[in-house]
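See below for the structure under consideration.
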Amino acid sequence: ALKSDPGVSLVSLDAPVSFTAVGAISASSLATLYPGRDSAANAWSAGATGRGVGIAVIDSGVTPSDAFGSRLVQVALDGQTGSLDDTVGHGTLVAGVAAGNSPDGRFIGIAPGATVYSININRPTGVHTSDVITALKWVFDNAHAYNIRVVNLSLTENVQSSYKDSPLDLAVERLWASGVFVAVAAGNRGTA
């Protein structure tokens, strides 16, 4: 009935969203390979470590650790209560790749001086498109104040949609047009 109203141009499903991790991760088998493969050390040598730059990680949260120290800010969205720590492990992993810096120097992210703004969208009832859009709006509203230059979305909608009529795509485009680099996951499921 709503869709047939002449004043309504689109009704969009608040689709389920999931994190793009596959399987459990064992810290004992991790090795820092990506800085060498991405030539991050060259940027670090030139003084580009991400210091003073914010990276927003919209995910399952990030659990505080020595790898982030005081560079981790857990963002509480309106209405969120309780712990903002990562109960899944995915957001902490993503933040570590982006900006981790373990005290022993064993694990170093691409921008080890950047501040991570962790936006935990994980809910016991499941994550939906509207949760991601709410988080993107927070980044849009606060990017200038906190010098957030990058946002990471390692997520996937579980229902196919077209960029032509997706509210999520519109929110991503709006943020990108404001000057924030938006990194999105291509997925961990091969060609599917």
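Excluded from the calculations below are hydrogen atoms, water molecules and symmetry mates; all remaining heavy atoms, backbone and side chain alike, are included.
With contacts defined as side-chain heavy-atom distances shorter than 4.5 Å, the pair Arg174/Phe140 qualifies. Within the 4.5 Å cutoff, the side chain of Val62 has no heavy atoms near those of the Asp86 side chain. Looking at heavy atoms from C-beta onward, Val73 lies out of side-chain contact with Ser118 at the 4.5 angstrom threshold. Residues Val132 and Leu153 meet the side-chain proximity criterion, which asks for heavy atoms closer than 4.5 Å.
Residues Ile133 and Leu168 share a closest heavy-atom pair of CD1-N, 3.7 Å. Closest heavy-atom contact between Ser60 and Asn122: CA-CB, 4.0 Å. The nearest pair of heavy atoms linking Ser154 to Ala185 is CA-CB, 3.7 Å. Closest approach of Val180 to Ile148, counting heavy atoms only: CG2-O, 3.7 Å. The two residues Ala111 and Ile55 have their closest heavy-atom pair at CB-CD1, 4.2 Å. Contact between Asn147 and Gly52 at its shortest, heavy atoms only, is ND2-O, 2.8 Å.
Here salt bridge (charged side-chain N to carboxylate O under 4.0 Å, His left out) pairs that include residues 133-146, with residues two or more places apart or in two chains, are Lys137-Asp141. Pairs of residues two or more places apart, or lying in two chains, that qualify as side chain to side chain donor-acceptor pair (under 3.5 Å) and include a residue from residues 62-74 are Gln74-Asp85.
Under a hydrophobic clustering in which Ile, Leu, Val, Met, Phe, Trp and Tyr are joined whenever their side-chain heavy atoms come within less than 4.5 Å, directly or via other members, Val172 and Val139 fall into the same cluster. Hydrophobic cluster membership differs between Trp176 and Val150, with clusters built from Ile, Leu, Val, Met, Phe, Trp and Tyr side chains linked at under 4.5 angstrom. Note on Val151: it clusters hydrophobically with Val75, by side-chain heavy-atom contacts below 4.5 Å among ILVMFWY residues. In the hydrophobic clustering of ILVMFWY residues, with side-chain heavy atoms under 4.5 Å counting as a link, Val182 and Val57 come out apart. A continuous path of ILVMFWY side-chain contacts below 4.5 Å connects Ile58 to Val184, so both sit in one hydrophobic cluster.
By the side chain to side chain donor-acceptor pair (under 3.5 Å) test, Asp131 pairs with no residue at all, sequence neighbours left out. When the ring-ring contact (aromatic ring centres under 6.0 Å, His included) test is applied to Tyr117, the partners found at least two apart in sequence or on another chain are Tyr146. Contacts of Leu170 classified as side chain to side chain contact (heavy atoms under 4.5 Å, CB included), with partners at least two apart in sequence or in another chain: none.
Counting only distance, with no hydrogens or angles, the side chain of Asp59 and the backbone of Gly91 share a donor-acceptor pair below 3.5 Å. With Arg123 contributing its side chain and Ile121 its backbone, the two residues share a donor-acceptor pair below 3.5 Å. The closest donor-acceptor contact from the side chain of Asn142 to the backbone of Ala145 lies at 3.5 Å or more, if one exists at all.
Interatomic distance, OG1 of Thr129 versus CG of Asp169, reported as 11.5 Å (0.5 Å rounding). Taking CG of Leu84 as the start and CG of Asn120 as the end, the distance is 6.0 Å to the nearest 0.5 Å.
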Distance-only criterion, 3.5 Å: show the donor-acceptor pairs between side-chain atoms of residues 94-105 and protein atoms not counting sequence neighbours.
residue: Ser102; atom: OG; partner: Asp104; partner atom: OD1; Å: 2.7
residue: Ser102; atom: OG; partner: Arg106; partner atom: N; Å: 3.2
residue: Ser102; atom: OG; partner: Phe107; partner atom: N; Å: 3.0
residue: Ser102; atom: OG; partner: Phe107; partner atom: O; Å: 3.3
residue: Asp104; atom: OD1; partner: Arg106; partner atom: N; Å: 2.9

